[in-house]
Number of protein chains: 6
Amino acid sequence: MSDPFFHPVSGFDLPRFAGVPTFMRLPHVPLDDARLQDVQIGLIGTPWDGGTTNRPGPRHGPRQLRDMSTMIRAQNGATHIRPFELANCADLGDVAPNPAGLEDSMTRITAFYDQVTEAGILPLTAGGDHLCSLPILRALARATPLGMIHFDSHTDLFHSYFGGTMYTHGTPFRRAVEEELLDPKRVVQIGIRGTTYDSEDRDFAKSVGIRIIPIEEFHVRGVEDVMAEAKEIVGSSKTYVSYDIDFVDPAYAPGTGTPEVGGPNSYQAIQVARMLDGVHIVGADLVEVSPPFDTGGATAFLGASIMFEMLCNMAQNLTSD
Amino acid sequence: MSDPFFHPVSGFDLPRFAGVPTFMRLPHVPLDDARLQDVQIGLIGTPWDGGTTNRPGPRHGPRQLRDMSTMIRAQNGATHIRPFELANCADLGDVAPNPAGLEDSMTRITAFYDQVTEAGILPLTAGGDHLCSLPILRALARATPLGMIHFDSHTDLFHSYFGGTMYTHGTPFRRAVEEELLDPKRVVQIGIRGTTYDSEDRDFAKSVGIRIIPIEEFHVRGVEDVMAEAKEIVGSSKTYVSYDIDFVDPAYAPGTGTPEVGGPNSYQAIQVARMLDGVHIVGADLVEVSPPFDTGGATAFLGASIMFEMLCNMAQNLTSD
Amino acid sequence: MSDPFFHPVSGFDLPRFAGVPTFMRLPHVPLDDARLQDVQIGLIGTPWDGGTTNRPGPRHGPRQLRDMSTMIRAQNGATHIRPFELANCADLGDVAPNPAGLEDSMTRITAFYDQVTEAGILPLTAGGDHLCSLPILRALARATPLGMIHFDSHTDLFHSYFGGTMYTHGTPFRRAVEEELLDPKRVVQIGIRGTTYDSEDRDFAKSVGIRIIPIEEFHVRGVEDVMAEAKEIVGSSKTYVSYDIDFVDPAYAPGTGTPEVGGPNSYQAIQVARMLDGVHIVGADLVEVSPPFDTGGATAFLGASIMFEMLCNMAQNLTSD
Amino acid sequence: MSDPFFHPVSGFDLPRFAGVPTFMRLPHVPLDDARLQDVQIGLIGTPWDGGTTNRPGPRHGPRQLRDMSTMIRAQNGATHIRPFELANCADLGDVAPNPAGLEDSMTRITAFYDQVTEAGILPLTAGGDHLCSLPILRALARATPLGMIHFDSHTDLFHSYFGGTMYTHGTPFRRAVEEELLDPKRVVQIGIRGTTYDSEDRDFAKSVGIRIIPIEEFHVRGVEDVMAEAKEIVGSSKTYVSYDIDFVDPAYAPGTGTPEVGGPNSYQAIQVARMLDGVHIVGADLVEVSPPFDTGGATAFLGASIMFEMLCNMAQNLTSD
Amino acid sequence: MSDPFFHPVSGFDLPRFAGVPTFMRLPHVPLDDARLQDVQIGLIGTPWDGGTTNRPGPRHGPRQLRDMSTMIRAQNGATHIRPFELANCADLGDVAPNPAGLEDSMTRITAFYDQVTEAGILPLTAGGDHLCSLPILRALARATPLGMIHFDSHTDLFHSYFGGTMYTHGTPFRRAVEEELLDPKRVVQIGIRGTTYDSEDRDFAKSVGIRIIPIEEFHVRGVEDVMAEAKEIVGSSKTYVSYDIDFVDPAYAPGTGTPEVGGPNSYQAIQVARMLDGVHIVGADLVEVSPPFDTGGATAFLGASIMFEMLCNMAQNLTSD
Amino acid sequence: MSDPFFHPVSGFDLPRFAGVPTFMRLPHVPLDDARLQDVQIGLIGTPWDGGTTNRPGPRHGPRQLRDMSTMIRAQNGATHIRPFELANCADLGDVAPNPAGLEDSMTRITAFYDQVTEAGILPLTAGGDHLCSLPILRALARATPLGMIHFDSHTDLFHSYFGGTMYTHGTPFRRAVEEELLDPKRVVQIGIRGTTYDSEDRDFAKSVGIRIIPIEEFHVRGVEDVMAEAKEIVGSSKTYVSYDIDFVDPAYAPGTGTPEVGGPNSYQAIQVARMLDGVHIVGADLVEVSPPFDTGGATAFLGASIMFEMLCNMAQNLTSD
């Protein structure tokens, strides 16, 4: 059972629109706080979109995800998991990015997550754009390459942009494979769709053994079948989960920079996260929520709901260790 | 056949954006109007959200539902029912609430519906938050407890909030069971989902015999199977239908105060209302439409479309009496 | 292989938010440009909504469709068709309408498309309201009546409005049948739904042999079965494709003047366009995108994605000639 | 003193967000209602924008003006005039336009106002675009040409558009002078600004004696001085007041189709209407409120506030007859 | 000089969109925190709108004011005051209201402020609707009636609403005078305007000696002259400052429930707060910011800027004690 | 007189919502177009916001400025200047930035403007954030330092951000002075206001002789007096004009990343640009228009109106050479 200090504020005590908004109304425990040593799962914001090649905004994601996450209550309605009772969870605050310094920002993110992993905390990240996943993986995969379950409409496996730019939100996992942060044979990408520049990314995936499940296959096979294969691919070894909100159809998640129509609905969006039970998650992220393109916080609320499902599985894992 | 006085204005005569907006372009017949005695089905607004514990706004619901309902035409495209020819329908106006007086508002609502039922009129209500259903039921269930088909993402069966507050939009049906306005064995709740504080509401439901069909079951079984069970539960006795717009997924109905992702789509939202045919409906409501959180009236238009489906069944019933 | 002059600007060279926005970043080739003779498929805007009986705005459609179409890349993610390499495509600009002159505007549109067809160019149109399809058909069907696959929630087959007004966006195909621009036995309408004034339009359809597939049938049978029938109806002869964005559910396409709830989702919206492969398309349109009622360009982006699918099939046809 | 039947509903009795929205919460008295004979000032909607050459939407103006006008209370805060006690005021409903028929719509408007003037009612109109003023003037100026005080950023005096189109919202007062509905020597236009096609309209004004007060002069001289001159120009004879909401700066009135920056603020917008006291107003309009381009009803609320100021002066005049 | 613990986070260290949003990026010091004893000025949210008679939403005010206040930097650009160096300032969090309990909420607010005053902290409040000021005054004026400078477009001096409801956001200062929390001869109300129900509130003001400066007088005399009189009225004794955001013209502050056109611009809105220098402020509030009616946070940003000006004066006072 | 090829499309020929949107409906003349040699004034977009430290979005500025600039007509309403007849003006397209490469983007911008100046074209730029001005100045000031009239609420003179980051939108003119692109004694900054980190920027200004006119002084002295001084400061030598849209009050220009309340209104915003007549302008920019934070294009329309005023003066200058 978790320490009551780490229990979120209940909406029965303080209405959900009230109070300083932390992730899921958890206590704010900065890295230099004495309480850090008791934290098991840390919710972290990476408010940075320096790798965005198209419409910007995910730097505002953590703020709005915190705001809408105050709508999340203590118990999973479907599984009845109460994550905050299973594990000490806390809001560790945001990494301080450098909006005008791409490499500096990546260095800052890795340094933050190094501290988190050294403290033995499992990170659950709210992005930021998808380039954020790369410096996070650099901290998490210091020992050994990780497997990855990746929900997205894009592969983010491109070699480069704009005549040689290697670090954008379209390239993080190409770099991660090159840097041996990911074991490509234990990587699966789900929901890929939309128009493409060419097939260079998919050719690379094929050449290194990354499994791509395009949206057409997803819609035909259904969530359960797809997730069963995904879990088989990553197996029981350490796995990272990266969830780009543009995996979901833009009717459900308009607040993102590079939407692609024809995606899953919100029920499927929740289901795939819920079905991560049993996966050996060493870290997870929810990225590309872009408030300036959102309508009324709908995307952030969906994002927070997805984070909660991932959190339930991460907390459940801790109890079975 | 209905009296032509009660026929709505046609869009062929007056474009749908023109004219003083009444519900479905019906004549406005206040309670003190001589024409009241001819009305069979009364559309009524309860512009009150005093029971809202989270994001407010449903007090503006009736106004916007009237506005968007001017897009509704005379004939059901699927069933070909023409409700305004089957029954004398009218807009009875709004109950005058007291925005700063919770109990006073409930008293005012019950008093209004007492007049409606005394005039032998079937009420179809546009809320207002869900607490509105309680004072309505107090008028409708004076003789005998009613059955209820309840579409929602929440049970609204909680005991109390904020340390003992008994009347909120999260408690109306707990009170209604306690006050014997509802026969819990003839109550079914469909679409329940989302995170929860705890299981207190569901434990109560189980203890009194209320049937809850959570969204997971709904998605697996499908609309037809679920509605067949619902109709079996309420049987042929008097039944109230309460439709919280947050039953529908927020991509289709963003304009509401406490959305929950993963709900039905708009086709299913219409289907469940259409499949109420044959149910002995003594009153119905559509609540929790909150214009300040809507985008472009989408939620109100869906709400008006659902009201039309319910109206078709209410009108059809009258012809078979 | 197409002429490189007609290749769109790549997002790898110029970010997609940059540059003068033409349809899909193609070269702008006005009718008096020497390059016109090399164009095989022309993307054209008809910024006119003079036939709109309800909420206006589609006159702004071409502008916003151009804007959002800069998000479209060169290759179809599902079929791998690269249309801009298969055919010389260009943005031919907009027809100049007369916003205060209904008949003048129709004359101007027909005159423009006469030039297009005389140049041997296949037109892919961005409306404008649905009345635009009539003057287009007058140019395209000079030789012989065409078949038509029509995606919509309305039949647009009414006789007249407002006591005898013959030309509105609710009447174009009634006129087109009367003028023998369409062969009604080779016309199929898919997705019809919503409340109706009466059955006059459907009675007409039945009397002349137009096949209507209402949304209820569409949801039961599924996209593949429906499209197979549609293709059988139009056969291998010349066919026009008219796609009203209100075919799609308003959660996915809010930016339109006369939405109807309960429609297809965005995946189905794309699928039906993708399954037009093999149809002998002599012209196509995507109409009724209304930016003033849109939220953040979502509808225009979906519209541009649908246009791309139609374009892929039009370009593919040219290679197999 | 006015008949209590014509008193608006008080916000102390029915909150302002409640009830069927009529103009200023006045009774709805259609032209065929027996009560018509008692009406002294009639508020009328002309929901038509068929003359709009640019961004459409004013057809939705009357609906939203009614909605926001429910925020208006019974007494003028500055002058303490209580117009509804001085004169019998009523909402006469909307003229039924033909959205697809320009000349038909103008005929319908004139016919409606003929009935109004025959009943001896002073009309206060909510447009609609500015072309609406022409058919209104045709009814009001049957006996003799009128003077006019005209607030606008455009002269609306152009000869024609699009190669000979004579009736648009840029030409009504050119036509009105030609048809001798206005006495140009008793016409003053205030607030004119923005870029122009050429000087054709101003040359015409000069040639017939219309006085134009451009915005630069307005800002230098101030409201009081300008209004003193305006009142001198129209004198004590019959005068029409035409108020285009784009007179006001778009920061205060964004909801309009052809805004021009650099205009008066809302206080000046109210002042000029308030300073119409003593003018022999035989009719007035507030036009070009376009809800699709508005943000949150701000423009309509300002428009309703301006209408109230005009109404106060119209009602005051009646008492001094 | 203040304790560095209480210095806000600089935008040079952490970009302003990053981090958990507290008021002006100050440390969050709940009432039970040991640091409370060092706080001199406490920023507090009262997220409650239970007294709102019209459009709701101010319950969301504190959340959005916190968010936008992260745009405030450390130094006043005009006066060069650096308030956070002059006084220990902290975010004390929100009072927990009861959204469904009017009297309970008022009790909770007074109890919270009793603790604040007992700790010797000057409160600067972010509302909430204007009824919040009453329970705050009950705590602050326990010893002696206060003077008040009140910026608003309404007097909030009405006797009652809806047939006898005594506590609404239109009545707080009537109650405060009755309860002897305010000394009416030391109360001045600035900016009053808009339509009114009647003159009951102003008659009361006159009878007890409250000075009302209507907007017409404000615009004629100018900010400096008005503020000089206001400061003379309150003199050097203890004074409360209550700032309703609807004092400002709705073009600058659209996010409020009961706007009135014709108000001050944002420069004047800042100036009046800046000119409070030297006033003996024992507490201040900024109320009626309603995010659901705002556009893009403009109102909250203006509100935060006004709070900063008031804070500068409160901090400056402390140094001169 | 200018070449008719360079005349913009008239709204009398093609409605303003129609056609491919170029700046002010001018011909699109890329740098490799043979027509380039005839261009005198080139309108250029720099869609880049890589220097933005706060809320992003100006990369979308040129697109929306083009869109809204189609509302601009051929003649200045106040001065009657017809710029397109005085000079050959063209839309030169956008510089291709590298969204993920700060230094690369600056290099690309300078290279583009080198070509422009070599062709003898005066550039009028639509940003982009304010860092864009630096690489532009590098091209324009190759021969000699320039004077500058700078409208802004910020000095943009800071030394560095985030611990040593030298290139952000808060530092361009510090760099420009250091690089001797600007002659600080001929630089004036108008409208400076808002909270500040500290006084480091102003101390620098004072040390090098830059004249700052804060908003308080601006409001007291008025536009004419301030502009007279500004023109005296820059004298008759070569001068750059840099106009940050956040100079204007956010009620008029909400679409920007770092607004400051209390600024000029739209009339003053236009006036200051109009009063640049006679200044020896060698280039001008309008920066920081951020569409994601705009409401309905209001900011872009104001921005385009300001650009038109600057263009009128630039064109007028050419005729007097």
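Just so it is clear: chains get the letters A, B, ... in the order the sequence lines come, proteins before strands, and each one is counted from 1.
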Exercise. In terms of heavy-atom proximity below 4.5 Å to chain F, should C:Arg59 be classed as side chain, backbone, both, or neither?
Worked result: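 Both backbone and side chain.
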
Exercise. Is chain F contacted by the side chain of C:Pro97, its backbone, both, or neither, given a heavy-atom distance below 4.5 Å?
Worked result: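 Both backbone and side chain.
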
Heavy atoms only: give me the nearest [X]-[Y] pair and the separation to one decimal.
X: C:Asp13; Y: F:Ala96; answer: O-CB, 3.7 Å
X: F:Pro99; Y: C:Phe17; answer: CG-CZ, 3.9 Å
X: F:Arg63; Y: C:Arg16; answer: NH2-O, 3.2 Å

What part of [X] gets within 4.5 angstrom of chain C, counting heavy atoms only: side chain, backbone, both, or neither?
X: F:Pro21; answer: both
X: F:Thr46; answer: neither
X: F:Pro292; answer: neither

Problem set entry | C:Val20 side chain reached by F:Asp91 side chain, heavy atoms, under 4.5 Å |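 Yes, their side chains come closer than 4.5 Å.
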
Exercise. What's the spacing between C:Arg66 CZ and F:Asp67 CG if we round to 0.5 Å?
Worked result: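 Atom-to-atom, C:Arg66:CZ and F:Asp67:CG are 11.5 Å apart.
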
Exercise. Do you know which of F:Thr22, F:Val95, F:Thr70 has the most heavy-atom pairs under 4.5 Å to chain C?
Worked result: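 Winner by heavy-atom pair count: F:Thr70.
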
For this session: Mind ranking C:Gly296, C:Gly93, C:Gly19 by heavy-atom pairs under 4.5 Å with chain F and telling me who comes out on top?
Result: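 The answer is C:Gly19.
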
